[in-house]
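Just below is one structure, and these are the notes that go with it.
Each chain gets a letter, A, B and so on, in the order the sequences are listed, and its residues count up from 1. All values below were derived from every heavy atom in this structure, side-chain atoms included, with hydrogens, water molecules and symmetry-related copies excluded.
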Amino acid sequence: MEIRQSTDSDIVVLDLLGRLDELATPEVQHAFADLVNQDAARVVLNMAGVEYISSSGLRVLLMLFRALGKRRGALKLCGLTPFVAEVFEVSNFASVFDIYPTRDEAVRAFSEGA
Amino acid sequence: MNPKGRALQGHSTDETHVRAGEASTLILPDRAADALEIHPIGAIIEDRYRVVDVRGGKGKTGMGIVYIVEDGGEVRALKTFQRRFSKDLGLVERFIREARTWMLIGFHPNIARADRLDIIEAVPYLFMEYVPSDDEGNHALSDLLAQGPLPLDRGLDLAIQCCDGMIHATSAVPGLVDRDLKPENLLITPDGVLKVTDFGLVRCREMAADSLEALGRPDGDVSGEQGTRAGAVFGTPAYMAPEQFTEVSQVTMASDIYAFGCCLFEMLTGAPPFEGEGRSTMERLAHLRRLHLDAAPPRLRDRLPGCPAKLDRLVSACLVKNPRRRCRHFTELRKKLVALLEAETGHGPRVLPPYEPTAREVAGQMWSMSLLEGYGRAIRMRHLRESQDISPYAFHLALASYFHCHGNPAEERRQLEKAARVAEKGGGYEAARRLSELLVARGDLEEADRVLSDFLTDHPEDLDRVLEPRVRLLAARHAFDEALECLAAFRGTIRAQLLEAEVLRVAGRTGDQARLLREMLRDVLNSIVEKLSMLDPADRVGYDFEADRDRLCETLMALGVTVDCSMLRVTDEAVWPEVAGYPDLASELAWLSHALGELSLLEDAITPEEHSQFTYYAQLLDYPRRLKTHQERDEYWLWLQEPENDEDGDGETEA
C-alpha cells in the first residue's frame, strides 16, 4: 500500500494506492497514528487508488474517524472505487462517513464548512 | 432452554460426536443445573441452520462445540459454546478474542475462513468454512498421522502451507501468537490444502493497540497478555515450547515455531519429539514438561535415517530450548522448506489462488466485530449483575438497547427480532413494542403492522402494551379516527394526551392539538406545584447538574407559577431530578418540556409572545431530548453510562 501525503491550506490529503487489506492495515494504522499525533484536524482520504478494502481496512478508517472526532476534527473520503463503494453500502459505512466523488469536492466541502 | 423445544439438553461422552437420540437422555440427575445444552443432530438452529453433526461439547475441549450445519444447501461449521459457560467471563472473553482475531486475519487459502459472527439465544456463534473429510474420513493432519508418518514430499508440502497461513496471520495481526499449533488444528481438505484453524488461545498485541491513540502511547500494553490469567499455562503439552510451561510473558512467535517443529517432526516420523510416560494423566503431563524443559530433543535423522541433512538441521533449529536462539520467523522457515522441496521433487510448492471475498463477506466481518463489541459489553454487564439470571430474551433486548444507543438501527432490529423469537409463550411484550416502534419510525409500516397484528392476535387484551406503536402506525396511515378510537380507553392520562397530540399533528388539526397541549400544560403545572408544596426538608431531591434547579424555577416563574423550589438541591447520587417518595416529578418535568416544545411549534395557534416564551423555556428544559431520555432511561441507562473511550481494549468497532 502506498500512501502519499499532501496539504491544501490546513487540510491534509492522503492518497491511498493499492489494496487496503489485512496486510496493509498495520502500515496504514501507523500512518494514521502519526497523522493524529501531528494534530491534523481536517483530513481527506482519497481512495481512488484503492481497488480492495478488507474488514481490517474498514476498521482502521473508523479508528481515524473516531480519533479525529475526539479532537473536533473531521474526515472526508473521496473517490470510492466500485468494490469499496459496495462494501461501504453493505456495511452501512456509507452513512457513517462523509463521502464525495472527487478529491476537489471533498476539499471544497471543508472550505465551505460542510 | 428453548421454549419451542428445538434445543434438547444432553451431553456427549467425550469429544466424540453426539448422535441423534442420545442427546436428550443423558442429563445427569444430580446435576440438572449443569445439564449441557447441545443441539442434537437434526435440530434446526434459529429456524434456519439444520445440524448435521456435532463435535466437542465436553471432555478435553470443555466448553467448545462445533456444529456442522446445512444452510440453504451450503454446509458451514458453527463454533460456539454452551450457554452455561457464558457465566465464565474469562472463557467468554477468550472466545471473543478468538473471533476478533479471525475477523482481523481476513481471508487466506491456508486459514480456515471465518466470515461472520451471530448471537443466537444469547450465545455467540462463529460461522466458519466447513472443511470436509476425504474418502477415508480424514479431515485434520492428526487423522492422517494416526495412520503413520507422511512421505517426505507430502510433509514438506503441508509444512510450507502451514508457514503460508502463519505468515499471513502474523502479518495481518501484528504480534499474533497462536499458542496451540498442533496437528488437530491443521485441517486438510480432500484436495490436500492445509488450513490453520482454532485461535482459541491466541494472544496478540494488536488487541491492546485498538485505537490510534494507544498505538502512539509509549506505555501502551504490548505484552499481549490480555485476558489471560498471569502465570496461567495454555496450550497442548506435546507441542508446547519450554517457555509456555514456565514464563508466559516470554511466549512469542518463537513458541509457535517450536510447536511447528514438533508438528513437522511428527509428520515425518509419525510421533512428536517428546511423549510423556506415566500411570496417570498428571504423571504423563509432568514427564512431558520435564522433557520439553530439559531433555535434548531427538534428532530427525535418528528417527528418519536418510533424511536430508538440511531438513534435520531445520527441525533442530525449531526445537531449540531458548526462544531467543530459536528460528524466529515463518518466512525464513518457508524459504528453507521450499528449497528442500525443490531439491527433493524437482518442483516448487503448490500455488493456491488467493481467496477473493465478496463485498458482503468483507462487510460481514466488519459487522461481526461491531456485534462482538456489543456482545462483550452485554456479557460483562451481565457478569456484574450475576445475581440476575438473565434469560436469552432479556439478553437480546439488552443487546438491542446497546445498538440503539450506538445508532445502529439495523442491528437493533435484528436483536429485537431474536428476542421476539425466543420469547416465552404469553410474554414478549417488550420485544413486540420496541420492534414495532422501530419499524414505524423507519417507515416500514407493512412489517410493523404484521408484528402488531401477530401480537394482538395472541394477546387481544394487551393493547396497552403496544399502544404507542399501534397509534403511530394508524396515524402514519392516516387512519386518524381509528387511532383516536384506540385512545378512548386511556382518556385522561398523560400518555393518551401525548399520543392524541401526535395524531392531531399528523392530521393537521393544529388548533385541536394546541388546545390539548394547553390542557396538558395546565395539568402538569398543577401537579408539579402540588408535589413541590408537599416537599419536606428531609426529602432528598437530586439533580445531575446544579443548573437544573434554576432552570425549573425560572420556567415556573415565567409561566406564572409561584412556588418555593429552595428545597430542590444537588445530590451526588442522583442522575435526574427525583423527589424521594414522589418519583412522578421526573416524568412531569419531561412532559412539561415536551408540552412547551410542541406548543412552540404551533405558531398559528399561539401568540408571538407565547412562541418566543415557549421556545426559550422548552429549550431550557432540554426539549425534545428530555422526554425521550426519560422514557428510555430505565432501558438504556446502563449503556449510556458506558465511557466514551473504551479502556478495556476489547472493542471499538461501531458502525
Side-chain angles (χ1 to χ4, degrees), chain A residues 1 14 19-41 43 45 50-73 75 80-97, chain B residues 100-108 111 114-117 167-176 204-206 209-217 220 354-370 373 403 406-411 644-646 651-655:
Chain A
M1 166 117 290
L14 290 184
R19 288 170 66 89
L20 184 43
D21 60 12
E22 304 86 37
L23 302 183
T25 297
E27 178 195 350
V28 175
Q29 192 172 339
H30 277 96
F32 286 177
D34 289 345
L35 204 61
V36 170
N37 290 334
Q38 290 159 17
D39 288 329
V43 178
L45 275 190
V50 178
E51 75 273 20
Y52 173 80
I53 188 166
S54 71
S55 57
S56 332
L58 281 174
R59 179 174 155 276
V60 83
L61 292 188
L62 192 64
M63 286 162 75
L64 179 61
F65 174 78
R66 287 185 168 178
L68 292 173
K70 280 182 200 165
R71 289 162 171 71
R72 299 186 179 280
L75 173 68
L80 269 53
T81 54
F83 181 83
V84 176
E86 191 184 348
V87 170
F88 270 66
E89 203 55 51
V90 177
S91 62
N92 210 25
F93 266 45
S95 62
V96 173
F97 290 97
Chain B
R100 285 198 80 214
T101 303
W102 231 312
M103 298 301 153
L104 291 170
I105 286 174
F107 302 96
H108 188 274
I111 302 276
D115 49 24
R116 156 166 107 79
L117 180 121
I167 290 167
H168 176 85
T170 50
S171 305
V173 186
L176 177 145
C204 33
R205 68 164 180 255
E206 189 280 339
D210 222 358
S211 69
L212 296 178
E213 292 86 345
L215 198 66
R217 273 206 300 265
Y355 183 81
E356 293 292 347
T358 63
R360 192 161 290 280
E361 284 174 318
V362 171
Q365 284 196 334
M366 185 65 213
W367 165 80
S368 298
M369 282 196 275
S370 169
E373 183 189 351
F403 287 106
H406 288 74
N408 189 342
E411 192 52 42
E644 196 174 306
N645 296 330
D646 184 12
E652 53 70 54
T653 49
E654 200 53 53

With only heavy atoms counted, which part of H108(B) is less than 4.5 Å from chain A, the side chain, the backbone, both or neither?
neither
Once rounded to the nearest 0.5 Å, what's the spacing between atom CG of L23(A) and atom CD1 of I105(B)?
11.0 Å
Where do Y52(A) and P357(B) come nearest, in terms of heavy atoms and distance?
OH-CG, 3.0 Å
Looking at every heavy atom in both M366(B) and F93(A), which two are closest together, and how far apart are they?
CE-CZ, 3.7 Å
On a heavy-atom basis, which atom in S55(A) and which in Q365(B) lie closest, and how many Å separate them?
OG-OE1, 2.8 Å
Grab the two heavy atoms, one from R360(B) and one from V90(A), that are nearest each other, plus how far apart they are.
NH1-CG1, 4.0 Å
Checking E361(B) against chain A: side chain, backbone, both or neither under 4.5 Å from a heavy atom?
neither
Full working for side chain to side chain contact (heavy atoms under 4.5 Å, CB included) between L58(A) and M369(B)
CA-CA 11 Å; L58(A) 281 174; M369(B) 282 196 275; over 6 Å; no
Engaged part of S368(B) at the chain A interface, taking heavy atoms whose separation is under 4.5 Å:
neither
Can you confirm whether more than 12 heavy atoms, excluding those of E51(A), are under 6.0 Å from its CD atom?
yes
If every non-hydrogen atom of P26(A) is compared with every non-hydrogen atom of S171(B), which pair is closest and at what distance?
CG-O, 3.5 Å
Between CE of M103(B) and OG of S54(A), what distance do you get to the nearest 0.5 Å?
12.5 Å
Kindly give the heavy-atom pair with the smallest separation between V362(B) and I53(A), and that separation in Å.
CG1-O, 3.3 Å
The reported gap from CD in E86(A) to OG1 in T358(B) (rounded to nearest 0.5 angstrom) is 7.5 Å
